[in-house]
Protein chains: 2
Amino acid sequence: MRISELSAETNVPIPSIKYYVREGLLEPGTPLGGRQADYSDVHVTRLRLIRALLDVVGLPIAKVRRILELIDEPGDDLFTTLGEAVDALPPYAQGSETDAAWPRARAVIERLGWTFDERYAATGQLERALAAVEGTGIPLSEERLDTYAAAARQVAAFDIAHMPEVPQNPAAAIEYSVLGTALYEPVLVALRRLAHQHLAAEALGAPDPADS
Amino acid sequence: MRISELSAETNVPIPSIKYYVREGLLEPGTPLGGRQADYSDVHVTRLRLIRALLDVVGLPIAKVRRILELIDEPGDDLFTTLGEAVDALPPYAQGSETDAAWPRARAVIERLGWTFDERYAATGQLERALAAVEGTGIPLSEERLDTYAAAARQVAAFDIAHMPEVPQNPAAAIEYSVLGTALYEPVLVALRRLAHQHLAAEALGAPDPADS
C-alpha cells in the first residue's frame, strides 16, 4: 500500500509516519521508483504498537526504540529480554542512586521467598516506595506487606499464565509484557480506590447516590 | 518553642515554615511580643504532614490546602469527606471530560456488584484506564478483570479494616486514607512487577543472579 493508505488504515498522519521512519522506529517502505514506496501489513502492526507506546503509555522515543529493538532481536535469554523491555517503562531509576543495596526491598523480597536481584528495575522501585512510606511515619506492617504481596502475586500469576508462548513468539510476549505491565497497572490502582470506597461505604454508611 | 527549634525538630528550613504560614497551610505561632512567636507540638505534627504531602506524595500546594481544610473541618458526612480528600490525589480528571457517563467503568463496577457513583474520581480513573487498554487492542477479559478486582478488594479490605476509628478521630482517618492511598499504591505496583519476574523466572528459566 502507499503511505496515504497506510495513514488512512492506521489513522496516523503521514508526517508522523515519516518521523517514525527517520527516528528508526519504523522500517522504510519498499522503494517503488520515483518518490513512492510500498508498505505492508507489517507496517500497520508496527505503527499500532508505536502509537500505543508513545501516546497511550506515554513513553519517550528512546524507550520505544529500545523496546522495538528487543522485539526485533530478542536473543536467546528471553527472561532477561522480557525484563529489559519492562524496564523501559517508568518509574525510572534516579540519577543519585549509586547505592544499589536496596536494604528495604531486600528484606521484603527475601521474607516473601521471591528472587532478589538488584538489577531488576522493580527492586529499586520497591525500595523507593518503602523509603517514601518510612519518611511519612505511617506504618507498613509485615501483615500489610504480606496482604499486598499475595494480591500482587495473584494478579501476576494470571498475567504470566496468559502470556503468549515465549519461545514460539517472543515478539508477542515482549509486547504483552510491556503493554500489560503499563496499561493494567492503572486498572489495578483504580479498582483498589473503588474497592476502598465500596467497603468504606459499607463501614461508614454512605449517602445513596440516587438521592442527590 | 521558637521557630528555630521548630525548624530543628522537623528538619524544615525556617523560610519554608514561613512560606507554609503565608500559604495558609500552617497556623501562625502564638505572638510573644516583638517579632517572636511560640510554636507547639501541633505545629510539629502538621509540618510533618505538609512535608509528606508536598515532598513525598508530590502534591501541588492547592491540593495540600484542600486536604488540610478537610482535616480541620471534616463535617458530619465523613464518607464524603474521606472521598474528597482522596480525590485531591492524582491522577486528576482531564479538562475535556464533559461526558461523565463512564460506560466502560459502569459496566465493570456493576458486574462486580460494587457501588457505581460517577462523582468518584476513581470512576473516571477506571474509565480512562479501560479506554487506554481498548485503544491498544490487547484484550482485557472479564476473567482478568475479576482477578484484578478480587486482588484490589483484598488489599482494600485490609486497608479499611486498619483505618483509624473515623467518628472518634476523623483527622487521623483522613490522613491515613490520603497517605495510604498515595504511598501504598507504588508498593503494590512494584510488588506486581517483582511477582511477574519471580513467576516468569520459574516459567522460563532465569539465569541465577549469583552467577553474574
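Since this is a predicted model, take the numbers as computed values, not measurements.
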Has A:Glu110 got more than 12 heavy atoms of other residues, nucleotides or ligands less than 6.0 Å from its CD? yes
Between A:Ala122, A:Ala52, A:Ala157, A:Ala132, which residue shows the highest count of heavy-atom pairs closer than 4.5 Å to chain B? A:Ala122
In terms of relative ring orientation, are A:His198 and B:Trp114 parallel, tilted or perpendicular, with 30° and 60° separating the classes? parallel
Part of B:Arg48 within contact of chain A (heavy atom distance under 4.5 Å): neither
Would you compute the distance between atom CZ of B:Arg193 and atom OG1 of A:Thr181 and round it to the nearest 0.5 angstrom? 6.0 Å
Please flag which part of A:Val189 lies under 4.5 Å from any non-hydrogen atom of chain B: side chain, backbone, both or neither. both
Just wondering, more than 12 heavy atoms not from A:Glu73 lying within 6.0 Å of its CD? no
First locate atom CG of B:Leu204, then atom CZ of A:Phe79, and finally report the distance between them rounded to the nearest 0.5 Å. 7.5 Å
Is B:Ser177 in contact with chain A via its backbone, its side chain, both, or neither, using a 4.5 Å heavy-atom distance? neither
Between B:Leu53 and chain A, which part of the residue has a heavy atom less than 4.5 Å away: side chain, backbone, both or neither? neither
Under 3.5 Å, which donor-acceptor pairs do the side chains of residues 5-18 of chain B form with other protein atoms, sequence neighbours left out?
from: B:Glu5; atom 1: OE1; to: B:Arg2; atom 2: N; distance (Å): 2.7
from: B:Ser7; atom 1: OG; to: B:Val12; atom 2: O; distance (Å): 2.7
from: B:Thr10; atom 1: OG1; to: B:Leu6; atom 2: O; distance (Å): 2.7
from: B:Thr10; atom 1: OG1; to: B:Val12; atom 2: N; distance (Å): 3.4

What closest approach, in Å, do A:Ala195 and B:Ala156 show between heavy atoms, and which atom pair accounts for it? CB-CB, 3.5 Å
d(B:Leu126 CG, A:Leu194 CG) to nearest 0.5 Å is 6.0 Å
Tell me, side chain or backbone of B:Val56 under 4.5 Å from chain A's heavy atoms, or both, or neither? side chain
Over 12 foreign heavy atoms within 6.0 Å of CD, B:Glu142: no
By the definition side-chain contact (heavy atoms from CB on, under 4.5 Å), identify the one residue from A:Leu183, A:Val57, A:Leu49 that meets it with B:Thr136. A:Leu183
With a 4.5 Å limit on heavy-atom distance, are the side chains of A:Arg153 and B:Leu191 in contact? no
Ranking B:Gln197, B:Gln154, B:Met163 by heavy-atom pairs under 4.5 Å to chain A gives rank one to B:Gln197
Does any heavy atom of chain A fall under 4.5 Å from the side chain of B:Glu143, the backbone, both, or neither of them? both
Less than 4.5 Å to any heavy atom of chain A: does that hold for the side chain of B:Ile160, its backbone, both, or neither? side chain
For chain A, which of B:Asp159, B:Leu199, B:Val187, B:Leu188 has the most heavy-atom pairs under 4.5 Å? B:Asp159
Side-chain heavy atoms of B:His196 within contact of A:Val86, under 4.5 Å: no
